[in-house]
Amino acid sequence: MLKLYNTLTRKKEDFEPILKRQAGIYTCGPTVYNYAHIGNLRTYIFEDLLKRVLLYDGFNVKHVMNITDVGHLQGDTDEGEDKVEMSARKEKKSAWDIARAYEEAFKNDLVLLNIQEPDIWCRATEHIKEQIELIKKLEEKGYTYKIENDGIYFDTSKLKDYGKLAKLKKQNLKAGARIAFASGKRNITDFALWKFSPEDSKRQMEWPSPWGIGFPGWHVECSAMSMKYLGETFDIHCGGIDHIPVHHANEIAQSEVATGKPFVNYWLHGNFLVLNKGKMAKSSGAFLKLQSLLEKGYEPLSYRYFCLTAHYRNELVFSWENLDAANAAFKNLKNKIREIKSNLCGSARSSHVQEYKQQFIEAINEDLDIPKALVIFWKALKDNELSNTEKYGLIIDFDKIFGLGLDSIKEEEVIINEELKELIAEREKSRKDKKWKKADEIRDKIKKLGFIVEDSEDGPKLKRFSQDSLI
Ligand code: AMP
Ligand code: ZN
């Protein structure tokens, strides 16, 4: 039985879907005004693991992810410029071009990290009608008010259980609380449903509405689109922990008022990737993206491996040393698998293999304990009681969860450095000149570096010298 930690109840609960063997998941997608940073990507990896566990358990998963291409303002509290329009101004491009370019970059990151695509992508700019309909419902029920020259707001004080997800204290939310907030707001937690375009300038992204020309607020897009594709009450909603107090609190408020039904049964939140206890923020500009890691010579899946080493509800501290450690472990894993694959002898011979599988299933179903699953995996690979054939069976099976591409590891992964390159070229020349003795000497030098050269029709190929040196 799959157990998941539900932020709403602060408990691990058995996952019971609305429809038998079906799971509807909505994951808040990127705001496409810049590249995703590796912190954002950690959250998408966690969500991918959740989806893989559900699939492994035999659920039919319907996964929806939005693209926030309008309406996310600089501050989460409805102030500041629209992030996409701001980026367009800075990069001297149209807001539409900015949004599409960063959406594409994000999708490329997902591919590199072996994150399975959602079944449905939805852009905020393509669901304006649905968002307006939702706001109209809230207006009919008397939960909205207008701030002149600003927008239509949701009145959070009208809702008994506003902020239940974050366990916000009601007394702190009342109008007149000492904390400063946007002029005209009745309560600090009230939020914009529809923002008016400024009177003195034209926005690039704007639409007519019953309240005036403008654009939807950020929170309303997620409610409108998730309910459109998954129904008024659906199974699982995810995001990073920063979304608990504002974005998700607001999604719950407006959705439950609009429909009179519970919005989501299980709320799952991924903890942050932090830099030496500091925050990694897209808006600060100083952040690491996946490309930054690739430029330093890391493979994208080494970053995925790094993320697998921490439970999703724990903070993960990023440092180059920590990434290096994960990178080395991942390399060892691949070498170990190569070794196993090169010698697939032995038939099924122990009941051990079932025990490992059982332990693995228990770990992943215990609120996605992937770090534990990884330990079990390593233990199985090192267990002399298991035949290589059995081990290979586990590798293929467990990688359905890990998503490390372990089923397609190539025979050799030789990184040819400058020294090796020169030696190979020198040897080729010697061979052409029929200087066989010199060619053999160079072959020996290459061997000392841990490689053997094999001559093939396509030219020389390098292989690791001995299996033992791999581990
Ligand atoms: P955004 O594109 O800013 O809307 O964020 C995309 C996702 O990344 C959201 O689910 C955020 O909660 C999450 N997120 C933001 N910063 C971090 C971080 N440092 N570590 C992990 N997840 C994060
Ligand atoms: Zn969202």
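First listed ligand is number 1; within each ligand, the first listed atom is number 1. Values in this document were obtained by computation on a predicted structure and should not be read as measured data. As a basis for the values below, the full set of heavy atoms in this structure was taken, side chains included, without hydrogen atoms, waters or symmetry mates. The residues of the chain are indexed from 1 along the displayed sequence.
- Geometrically, ligand 1 and Y44 share no nitrogen or oxygen pair separated by less than 3.5 Å.
- Using a 4.0 Å heavy-atom cutoff, H269 is absent from the residues neighbouring ligand 1.
- In this structure, the side chain of N60 does not engage the main chain of R21 through any donor-acceptor pair within 3.5 Å.
- Between N271 and ligand 1, no N or O atom pair is found at a separation short of 3.5 Å.
- Side-chain atoms of K141 come within 3.5 Å of backbone N or O of V257 as a donor-acceptor pair.
- Contacts between D242 and ligand 1 below 4.0 angstrom, taking non-hydrogen atoms only, involve the side chain exclusively.
- For I244, the side-chain contact (heavy atoms from CB on, under 4.5 Å) partners are T7, L165, A166, I241, H269, not counting sequence neighbours.
- Ring geometry for W121 against F106 counts as perpendicular: the plane angle is over 60°, on a 0 to 90° scale with 30° as the lower cut.
- In this structure, the side chains of L2 and Y56 stay at 4.5 Å or more apart for every pair of heavy atoms.
- Remark: of the listed residues K137, E232, Q254, E232 is the sole one forming a side chain to side chain contact (heavy atoms under 4.5 Å, CB included) with T259.
- Residues meeting the side-chain contact (heavy atoms from CB on, under 4.5 Å) test with D399, sequence neighbours left out: F402, L404, L406, D407.
- Contacts of K289 classified as side-chain contact (heavy atoms from CB on, under 4.5 Å), with partners at least two apart in sequence or in another chain: Y35, F287, Q291, S292.
- Remark: D69 engages R100 in a salt bridge, criterion side-chain N to carboxylate O under 4.0 Å.
- The shortest N or O to N or O distance between G239 and ligand 1 is not under 3.5 Å.
- When I152, T144, D155 are each tested for a side chain to side chain contact (heavy atoms under 4.5 Å, CB included) with L138, only one passes: T144.
- Atoms of the protein (N, O or S only) found under 2.8 Å from the Zn ion (ligand 2) are C28 SG, C222 SG, H247 NE2.
- Between W218 and ligand 1, not a single N/O pair is under 3.5 Å apart.
- Of all atoms in ligand 1, listed by their number and element, those nearer than 4.0 Å to a heavy atom of T43 are 10 (O), 13 (C), 21 (C), 22 (N), 23 (C).
- Across C238, G240, P30, G39, heavy-atom proximity to atom 10 (O) of ligand 1 is greatest for G240.
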